[in-house]
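Have a look at the structure below before the remarks.
As a basis for the values below, the full set of heavy atoms in this structure was taken, side chains included, without hydrogen atoms, waters or symmetry mates.
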Amino acid sequence: MKLRFLPPILCFLIAIFSFSCSTDSDSDTKEPEIPVVKDQYNYIALRNDGTLFSIGDNSGIVTSIGKVPGLEFNTIFNTVTSSPTHTYIYEAWFDPIEGRIFKLNKETYQSEKIILNFPEEFGDNPGIMAMDWDETNQELIGVVRQEFDVPSFGGPIKIVRINPVTFEFTVLQNININSQGYKEVYSSQLIGQKLYISASKDNKVDHTDLLEIDLNEKTFKLLPQEDTETGLLNLGYIPGTQKLFGFAPILNSSYMGAVRPYVYNINDEEMEEISTASNISAIQFAHKTFYNSQIDKFIGLIAKEGFNLYSFDPNTNKFSFSSIENPEDLSTMIAIISVKKL
């Protein structure tokens, strides 16, 4: 038999074709690239034992970033309030009985613990139920109950001003919300020199009234909440307006802790229900709602098929949710207190 050889040029073309087919086959089986989720902000969350976490606004990734030294377990979340430079946190301590304010630097997270000396008129076991930063007067506004751990005692609940350097108290006379039967304060917001608080006469979060306290006139009044069976909690202030944002518990819901968001117009004393397009539940009721002034949105933690970070834009009434990827270290005793731009 006579062997016949292919011309060299034909061999070269066959080799090129084979290599091309092999390359195309390899590219067809290559795994698709997973897009990288980038965060624009890290939200700082405080757990009741003083542990601090950062939560990515888009990724939902939770990272432990430290702890407030000396803050043990009894953080009163509605006292957490911030000046431009510091966050102030109150903890009630019972052995020995004392009230503590932790002054946390918002940039370095270094903190200072201050043991408070309450005025004698508050007795042996007073405590701060709510606290807000007064930017106009550069001081703290507090709501103090005489017997902090005994709501049924019936002692006075008064408004105080607290110097943020000396931590000395000035009691506003002629204001005692307990005189009207109120025993508990769950949330508060200061607008100008008027303090708005969610207060209860029976220590139940689903029976709260919205009170307006005029710090200059030293008077207070009850605001109507006719569009809800319960009352607004987790109050937030919409800057540049006379409006509050908050959540009202839903009675007889099959969802534990179910809530519905509202915007309250103080000028006309009317409420507007906000649609979330899904069922949501509160993580906890006794705190303020954090406002990110850099993007003009409220940010918080909510339960919706697990832990979620939500944002609410008061300009468009739009809600959006980002699921928390690793919520294992979070708890129901936690709240957003600050933000870091990345």
Presence of salt bridge, [Y] and [X], under 4.0 angstrom:
X	Y	answer
Glu139	Arg161	yes
Lys288	Asp132	yes
Arg47	Asp49	yes
Lys194	Glu217	no
Arg100	Glu98	yes

* Asked: Taking all atoms of both residues into account, what is the closest heavy-atom pair of Asn74 and Glu91, and its distance?
  -> N-OE2, 3.2 Å

* To do: Identify the two heavy atoms, one from Ile55 and one from Ala45, that lie closest to each other, and give their separation to 0.1 Å.
  => CD1-CB, 4.2 Å

Indicate whether the side chain of [X] and that of [Y] have a donor and an acceptor atom separated by less than 3.5 Å.
X	Y	answer
Thr208	Ser200	no
Asn48	Glu72	no
Asn58	Tyr41	no
Ser278	Thr276	no
Asn279	Glu305	no
Glu135	Trp133	yes
Glu212	Tyr196	yes
Tyr90	Asn78	no

Is [Y] reachable from [X] through a run of hydrophobic residues whose side-chain heavy atoms are each under 4.5 Å from the next?
X	Y	value
Ile128	Val80	no
Ile191	Ile159	no
Ile302	Leu330	no
Ile274	Ile280	yes
Ile283	Phe247	no

* Taking the six-membered ring where the residue is Trp, are the ring centres of Trp93 and Phe73 under 6.0 Å apart? -> yes

Enter the distance from [X]:[atom1] to [Y]:[atom2] here, rounded to the nearest 0.5 Å.
X	Y	atom1	atom2	value
Phe312	Asn292	CZ	CG	14.5 Å
Arg145	Ile157	CZ	CD1	5.5 Å
Tyr264	Glu272	OH	CD	13.5 Å
Ile197	Ser187	CD1	OG	10.0 Å
Asp134	Ile162	CG	CD1	11.5 Å
Thr81	Leu190	OG1	CG	8.5 Å

* To do: Sorted by first residue and then second, give each ring pair (Phe, Tyr, Trp, His ring centres under 6.0 Å) pair with at least one member in residues 277-301; sequence neighbours left out.
  => Phe245-Phe298, Tyr291-Phe298

* Using atom types as modelled and distance alone, determine if a side-chain donor or acceptor of Asn178 lies under 3.5 Å from a backbone N or O of Gly181. => no

* Using the ring of Tyr88 (Phe, Tyr or Trp, six-membered ring only), decide whether Lys103 places NZ or CZ under 6.0 Å from its centre and within 45 degrees of its axis. => no

* Determine, for Phe102 and Lys113, whether the Lys NZ or Arg CZ falls below 6.0 Å from the six-membered ring centre while staying within 45 degrees of the axis. => no

* Structure fact -> With sequence neighbours left out, the residues meeting ring-ring contact (aromatic ring centres under 6.0 Å, His included) with Phe167 are none

* Partner of Asp39 under side-chain hydrogen bond (donor to acceptor under 3.5 Å, both in side chains), chosen from Ser322, Ser59, Ser54 -> Ser59

